[in-house]
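None of the values given here were measured: they were computed from a predicted structure. Indexing begins at 1, ligand by ligand and atom by atom, following the structure's order.
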Amino acid sequence: MTDDALAPAYPLFRRPDAYHEKRCASALRNRIQRWSERRTLRALLGSAEGIHSVCDIPCGIGRSFELWAAAGLSVLGVELSPPMAERAERERASLGLPGRVEIGDAFAAREGAGRADLVVCLRFAYYFSPAQRRGLLAALRERSRRYLLIQYRVGNGILGRWKSARAEVRMQRRATRAKHACPWEEIRPELESAGWRVLRMRRQSPLSDRVLILAERSAWKG
Ligand SMILES: C[S@@+](CC[C@H](N)C(=O)[O-])C[C@H]1O[C@@H](n2cnc3c(N)ncnc32)[C@H](O)[C@@H]1O
């Protein structure tokens with residue numbers, strides 16, 4: 001692993017209320033995005049067999065906890081920012097969702113870390129370079145008994161190319177917040193090189209550049 005992979009720079013979120021307002025309660029565009037993300041997540045969840053637990057990492061404020069509760073799963077939420085984790089823990093308790101939320105680093109694959117049947121990673125991987133993502137994918141593997149559900153952005157297509165060009169400009173202003181698209185055809189080899197076998201890949205909507213990927217640990221024998 002390169003130094004680049006070991007030192008990812010991404011800010012910790014400190015304002016759970018602002019995140020909730022932006023992602024869960026605001027503009028029509030965000031609501032549509034959330035609806036299409038949920039619809040795709042539900043469809044992919046339906047392809048994961050025999051799952052009882054989910055590790056949501058980073059879980060932020062627990063934006064997806066409702067989904068895990070509806071699917072009858074228990075949750076291990078992992079988040080590095082204490083105020084975000086506190087808010088997620090409150091969300092978990094208010095939903096009566098079994099499990100816990102802990103403070104932890106998504107990139108740290110420490111031995112004995114909590115594991116789950118399915119690891120879910122939303123709105124995170126595409127903030128990192130391919131080398132950093134490989135480090136992330138390896139760390140997530142340590143937390144999964146079988147499945148991974150991860151969100152990428154693809155750079156293909158007119159919309160994807162336009163967004164990639166916009167990201168380049170943003171990167172020059174604020175490197176930590178720029179998004180890294182991954183061409184559709186490079187997703188499978190990237191996951192495979194980190195020990196994951198891709199089962200399904202689905203765009204969130206025909207126009208979206210976000211893709212949800214369901215993968216399985218490549219050594220999984222059933
Ligand atoms: C864009 S939010 C996404 C949260 C959640 N997955 C969602 O979809 O709402 C990214 C979150 O990652 C957290 N974070 C940043 N670096 C992290 C790290 N190394 N390990 C765990 N969490 C981290 C931030 O504090 C923030 O809450």
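- When the options L214, L191, V198, L199 are evaluated for a side chain to side chain contact (heavy atoms under 4.5 Å, CB included) with L148, the one that passes is L191.
- Close contacts of ligand 1 with G104, meaning ligand atoms under 4.0 Å from a residue heavy atom, involve 20 (N), 21 (C).
- Using a 4.5 Å heavy-atom threshold, the side chains of V120 and S64 count as separate.
- Considering backbone and side-chain atoms alike, F13 places an N or O below 3.5 Å from some N or O of ligand 1.
- Looking at atom 10 (C) of ligand 1, its nearest protein heavy atom turns out to be Y10 CE2, 3.9 Å.
- Taking every heavy atom of S81 and a limit of under 4.0 angstrom, the matching atoms of ligand 1 come to 25 (O).
- In terms of protein heavy-atom proximity, atom 20 (N) of ligand 1 is closest to A106 N, 2.8 Å.
- Nearest to atom 11 (C) of ligand 1 by heavy-atom distance, out of E79, R87, M84, R34, is E79.
- Atom 1 (C) of ligand 1 has its closest protein heavy atom at R123 O, 3.3 Å.
- Each of R145, R146, R200 was scored for a salt bridge (Lys or Arg N to Asp or Glu O under 4.0 Å) with E216, with one residue passing: R146.
- The aromatic rings of F128 and F107 sit perpendicular to each other, their planes meeting at more than 60°, with 30° as the lower class boundary.
- Of the options R34, R39, Q151, a side-chain hydrogen bond (donor to acceptor under 3.5 Å, both in side chains) to Q204 is made by Q151 and by none of the others.
- Under a 4.0 Å criterion applied to the non-hydrogen atoms of D105, ligand 1 contributes the atoms 18 (C), 19 (N), 20 (N).
- Under the 4.5 Å side-chain criterion, counting only non-hydrogen atoms from C-beta, L76 is in contact with R100.
- Nearest heavy-atom pair, S81 versus L12, reported as atom, atom and distance to 0.1 Å: CB-CB, 4.1 Å.
- One finds the CZ atom of R63 at 6.0 Å from the CG atom of L122 (value rounded to the nearest 0.5 Å).
- Here the protein heavy atom with the shortest distance to atom 17 (C) of ligand 1 is F124 CZ, 3.7 Å.
- Remark: among candidates C59, G60, P58, C121, the nearest residue to atom 6 (N) of ligand 1 is P58, based on non-hydrogen atoms.
- Considering backbone and side-chain N/O of Y19, one or more are found under 3.5 Å from N/O of ligand 1.
- Heavy atoms of R63 found under 4.0 angstrom from ligand 1 belong exclusively to the side chain.
- By the criterion of a heavy-atom distance under 4.0 Å, neither the backbone nor the side chain of S64 is placed next to ligand 1.
- Atom-to-atom distance recorded for Y19:OH and C24:SG is 7.5 Å, nearest 0.5 angstrom.
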